[in-house]
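Notes follow the structure.
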Amino acid sequence: MEEISLKGIFSLELIRKERFAGSCGMMRYMLMMDDGKMKASVYPEPYCWEATPEDQKESQFFEYSAEGIEAMVKWLNQKYHEKFCG
């Protein structure tokens, strides 16, 4: 079963400087800083972040820490399996 792993490609330093976009199967995701916390959002293909209607996006906030990254990856995989694996 497909899983999201950010090991070696994502860091606290990276998200502090810029947004990070990725995809898994038919799910796209956007990771960014928002008001001092990390924000993860998931949304369906085929459109990019800017072209996807807000009502199709689901977001969750996480603490800015290594533990927050772990929780964020767990949440992304949970959403992938709940919404995008048929």
Next on the checklist: Between Glu82 and Lys79, does any side-chain N to carboxylate O distance fall below 4.0 Å?
Outcome noted: yes

Checklist entry - Any chain of hydrophobic side-chain contacts (each under 4.5 Å) joining Phe20 to Met32? => result no

Item to check | Separation between OG of Ser23 and OH of Tyr43, rounded to the nearest 0.5 Å | outcome: 8.5 Å

Checklist entry - Taking only residues two or more places apart in sequence, or in another chain, which ones meet Lys74 in a side-chain hydrogen bond (donor to acceptor under 3.5 Å, both in side chains)? => result none

Next on the checklist: Are there over 12 heavy-atom neighbours, none belonging to Phe61, within less than 6.0 Å of that residue's CZ?
Outcome noted: yes

Item to check | Modelled atom types, side-chain donor and acceptor of Glu2 and Tyr80, under 3.5 Å | outcome: yes

Item to check | Shortest non-hydrogen separation from Phe62 to Ala40 and the atoms involved | outcome: CE1-CB, 3.9 Å

Checklist entry - Do Ile15 and Ile69 belong to the same hydrophobic cluster, where Ile, Leu, Val, Met, Phe, Trp and Tyr are linked whenever their side-chain heavy atoms lie under 4.5 Å apart, directly or via other members? => result yes

Checklist entry - How many angstroms lie between CG in Leu76 and CD in Gln60, if you round to the nearest 0.5 Å? => result 10.5 Å

Checklist entry - Please walk me through it: do Thr52 and Arg28 pass side-chain contact (heavy atoms from CB on, under 4.5 Å)? => result CA-CA 10 Å; Thr52 300; Arg28 293 186 183 213; over 6 Å; no

Next on the checklist: Please check this pair: side chain of Lys39 against backbone of Met30, looking for a donor-acceptor N/O pair closer than 3.5 Å.
Outcome noted: no

Checklist outcome for this item: The reported gap from SG in Cys85 to CE in Met27 (rounded to nearest 0.5 angstrom) is 9.0 Å

Next on the checklist: As a quick check of understanding, evaluate side-chain contact (heavy atoms from CB on, under 4.5 Å) for Glu45 and Phe84, giving each step before the final call.
Outcome noted: CA-CA 10 Å; Glu45 286 189 335; Phe84 298 92; over 6 Å; no

Item to check | Heavy-atom closest contact (Cys24 atom, Tyr29 atom, distance) | outcome: N-CE2, 4.5 Å

Next on the checklist: Main chain of Gly36, side chain of Tyr64: is a donor-acceptor contact present, judged purely on distance under 3.5 Å?
Outcome noted: no

Next on the checklist: Within the structure provided, determine whether Glu3 and Val73 are in side-chain contact (heavy-atom separation under 4.5 Å).
Outcome noted: no

Checklist entry - Can Met26 be reached from Tyr47 by stepping across I, L, V, M, F, W or Y side chains whose heavy atoms are under 4.5 Å apart? => result no

Checklist entry - Is Val42 linked to Leu6 within one hydrophobic cluster, defined over Ile, Leu, Val, Met, Phe, Trp and Tyr using a side-chain heavy-atom separation of less than 4.5 Å? => result yes

Checklist entry - Would a hydrophobic clustering, with Ile, Leu, Val, Met, Phe, Trp and Tyr connected at side-chain separations under 4.5 Å, put Met33 with Trp49? => result no

Checklist entry - For the residue pair Met38 and Gly68, what are the closest heavy atoms and their distance? => result CE-C, 3.5 Å

